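Heads up, the thing below is written out as structure tokens.
Values in this document were obtained by computation on a predicted structure and should not be read as measured data. Start at 1 with the first residue, then count along the sequence.
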Amino acid sequence: MHSLKLWRLLAGLFSTLFLITPTSAQKPIDIDPITLNLGRFDDALEKIPANLKIISIEEIERSGATNVPELLSRYAGVFTSMDFFGNGSDSAKVDLRAFGSVADENTLILIDGRRVKDNDLSTVNWSSIPLKFIERIEILRGGGAVLYGRGATAGVINIVTMSPGKRDNFVEIEGTTGTYNTDSGAIAGSFGTDKYGLMVNTQGYSSDNYRTNNKETRQAGQLAYKFYGESIDTSIQIGTSQQNVRLPGALNIQPSNGTDEVLSLGRRGSTTPNDFSRAIENYLTGGLDVDAGDSQAIINFGWRSSNDESFFDAFNDTYAERDRETWHVSPRLRRAFNVGSIEHDIKLGMDYERWSVTRNVSDAEQNISDPHNIFKSEQRNYGLYVENTIGISDLWALSVGARWDEQTQSAIDTFDANAPGAAAKFESQAPAKDQKISVSGYELNLKRELQIGRYVGVSTNKSYRLANVDEIGATGEFDASSNKVFQFLRPQISHTHQLFFGRNAPQYTYNVNLYQIDTRDEIRLDLLTTGAGNTNFPLTKRQGFEAQTSFMGPHFSVSSAYVYTKAKFSRGTTGTHNLTGKTIPLTPKHTFNFNGTYRFPKNVDLSLDFNYFSEQVMDNDEPNIMHTNIPDYSVTNLKLSRKTDGWKFGAGVSNLFDREYHSYAVASGFTATRFGVYPLPERVIYLTIGKTFGTK
């Protein structure tokens with residue numbers, strides 16, 4: 001009832017705005033043009049009737065962030081959850097709209113328009129996306145299911161890397177050193193003429209990190225080439241990354257028996273001195289762009305291979321190797337035309353993706369050639385979509401689109417009882433299984449420009465996601481008799497409704513969003529129910545208010561953001577617990593961010609950002625029965641930087657006031673009142689120096 005009243009109020013507000021006649025409105029004031037590719041073609045920002053946020057390269061450099069999740073957490077409606085160690089590159093999930101532990105499966109992360117998340121419960125390999133490689137980040141809240149398909153329920157984050165430009169000729173070298181024996185270095189170069197551009201990026205990183213047994217090294221490299229023809233452009237990009245990180249594990253607390261490893265081992269202590277993870281990723285992407293005036297055709301293709309190894313002492317000495325390979329091809333066509341005074345911009349396309357995985361499991365690394373379990377899965381996805389953006393007038397823009405997807409998936413599991421360590425595993429062999437499923441989605445966006453750069457818009461859509469290989473049983477699903485099984489779940493279906501309004505102007509901007517997401521058959525882990533671990537929860541509801549504003553003066557800039565989120569189970573049970581009205585774990589009700597930069601003479605910038613997150617229900621506590629939540633916390637960061645004659649100098653402090661906090665805790669699924677926490681770093685200091693040769 002309250003939800004119905006809310007949307008009646010929003011509809012009334014938007015209807016009132018409709019009554020503003022064109023004669024009383026002025027065209028938006030001129031601002032620097034921004035070109036996006038979230039629409040899978042280059043589009044001007046003002047032409048897209050959607051709820052968008054752009055993070056520019058200037059904002060990235062000014063932020064003092066050391067990785068992408070840390071940067072994203074400073075913007076309204078973006079929450080970084082499950083950051084186990086504070087380095088942001090190993091475990092962080094980026095959550096747009098209160099999906100908590102399944103955020104990665106509902107927020108679609110793209111690099112230059114391609115998916116980077118594997119079809120399992122592993123997180124995005126953030127170490128393969130150094131900030132140094134990024135030109136801008138495009139955030140689309142509550143949309144993207146038509147153009148990109150599955151997994152875009154909360155929205156899409158497209159990370160646009162630096163691409164080779166015409167006549168660019170420069171080399172840039174940068175180094176950073178900081179607390180916990182942290183050192184990193186990067187070299188970037190670009191060379192071009194009127195016909196081609198070539199860009200090279202490399203970066204290395206090493207740190208002991210905050211926790212004991214958390215040493216990390218990573219390297220990444222990227223080579224991009226682009227040829228500029230009269231009407232045909234071609235591009236190719238190759239990249240590689242590798243990472244090696246030790247895993248310190250959770251610090252366990254159980255008040256009922258006096259256990260508190262935070263006190264006994266210290267916040268930096270480790271409970272898993274032997275655990276580790278290694279990852280290697282390689283990719284190749286290419287594209288052909290044919291421009292024929294009012295028509296444009298693009299075909300993108302790509303291949304990605306990733307391999308990871310992990311050892312978890314606490315899980316019966318489990319050593320696992322997982323190999324994944326993905327192929328994709330995406331042809332699409334765009335046609336612009338007028339019908340009378342109405343402009344039409346139609347996009348239609350197809351996506352094909354083939355994904356395969358092999359997971360070998362043994363009791364030790366030296367025995368992996370004779371694994372006791374081998375899991376194999378193959379998945380194919382076919383998608384067709386069409387979207388029409390209609391310029392009704394200079395003030396009105398409408399987009400409507402639909403998508404159809406088909407997915408086939410097979411899974412095979414074998415168990416060798418004679419393999420080393422198999423006798424102690426209590427394992428079995430899941431019967432082979434396959435599934436074919438079809439889903440569809442739609443999206444409708446309407447936006448109106450008002451006077452002096454203001455705008456107002458509404459959108460509604462149907463989105464979906466499908467269970468990944470871990471959720472169907474790659475890492476172990478069991479029936480009520482403890483037999484290993486593959487469990488194919490129903491598609492998760494969500495309906496999102498948004499009202500957004502704001503202003504874009506050279507000096508002052510603001511954006512306000514109100515949204516509601518109703519989800520049926522949400523796919524989540526359910527540890528308290530006898531049988532298989534992942535299931536479809538009947539109904540969930542998320543409602544929120546997001547507000548962000550910024551002001552830029554001649555010598556300073558400030559921005560702030562506030563988000564209110566209400567994420568609840570509407571209906572359902574887990575074990576003997578009724579979930580109706582319970583808060584979804586890992587969803588802070590209030591978040592607040594403030595960022596400010598003051599420019600002193602001689603190009604000296606002082607930047608400060610403050611981030612606050614209210615308390616959260618801990619992971620695995622769907623029935624809200626733990627008597628302890630993740631406490632609220634705040635973090636303040638400071639950075640001083642200067643640019644002069646091609647030189648760049650910087651000094652920064654993260655967690656300026658030396659707060660002791662954690663952003664993730666998980667309730668035990670087996671022992672009442674027991675939970676584990678992952679303390680995050682206290683004060684961190686770093687220094688940066690860089691030099692650019694040539695012109696960018």
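- Inter-residue side-chain proximity for Thr161 and Gln237 is flagged as met; some heavy-atom pair is nearer than 4.5 Å.
- At least one side-chain heavy atom of Phe675 sits less than 4.5 Å from a side-chain heavy atom of Ile253.
- Side-chain contact annotation: Asn504 with Thr509, donor-acceptor N/O pair under 3.5 Å absent.
- Between the side chains of Ser614 and Asp632, no donor-acceptor pair is found at a separation under 3.5 Å.
- For the residue pair Ser310 / Ser277, no side-chain donor-acceptor distance below 3.5 Å is found, with atom types taken as modelled.
- Both the sub-6.0 Å distance and the 45° axial angle are not jointly satisfied by Lys566 relative to the ring of Tyr564.
- Within 6.0 Å of NZ in Lys117 there are more than 12 heavy atoms belonging to other residues, nucleotides or ligands.
- Contact annotation: the side chain of Ile129 approaches that of Val124 to within less than 4.5 Å [non-hydrogen atoms, C-beta and beyond].
- Under the 3.5 Å distance criterion, with hydrogens and angles disregarded, a donor-acceptor pair is assigned to the side chains of Gln254 and Arg674.
- Side chains of Thr182 and Ser207: a donor-acceptor N/O pair is present below 3.5 angstrom, by distance only.
- For Arg114 and Tyr283, the positive end sits near the middle of the six-membered ring, less than 6.0 Å away and at most 45° from its axis.
- Residues Asn468 and Asp120 have side chains that never bring a donor and an acceptor to within less than 3.5 angstrom of each other.
- In this structure, Tyr633 has its ring center closer than 6.0 angstrom to the ring center of Phe613.
- Only one option out of Arg599, Lys639, Arg642, Lys643 pairs with Asp605 in a salt bridge (Lys or Arg N to Asp or Glu O under 4.0 Å); it is Arg599.
- Arg324 has a carboxylate O that lies under 4.0 Å from a charged side-chain N of Asp308, or vice versa, which qualifies the two as a salt bridge.
- For the 3.5 Å distance criterion, the side chains of Arg304 and Ser306 fail to qualify, holding no donor opposite an acceptor.
- For the pair Arg278 and Phe311, the minimum side-chain heavy-atom distance is 4.5 Å or more.
- Residue Glu682 forms a salt bridge (Lys or Arg N to Asp or Glu O under 4.0 Å) with just one option from Arg211, Arg659, Arg267, and that option is Arg267.
- Contact detail for Met199 and Ser190: the closest heavy-atom pair is CE-CB, 3.6 Å.
- Counting all heavy atoms, side chain and backbone alike, Glu471 lies closest to Leu121 at OE2-CD2, 4.0 Å.
- Enclosure of atom CG in Asp645 is not indicated, since only 12 or fewer non-hydrogen atoms of other residues, nucleotides or ligands lie within 6.0 angstrom.
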Dump the intermediate steps for side-chain contact (heavy atoms from CB on, under 4.5 Å) on Leu640 and Phe649, then the final yes or no. CA-CA 8 Å; Leu640 184 68; Phe649 303 94; over 6 Å; no
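- Heavy atoms of other residues, nucleotides or ligands lying less than 6.0 angstrom from NZ of Lys568 number more than 12.
- In this structure the side chain of Leu110 reaches within 4.5 angstrom of the side chain of Leu108, judged on heavy atoms.
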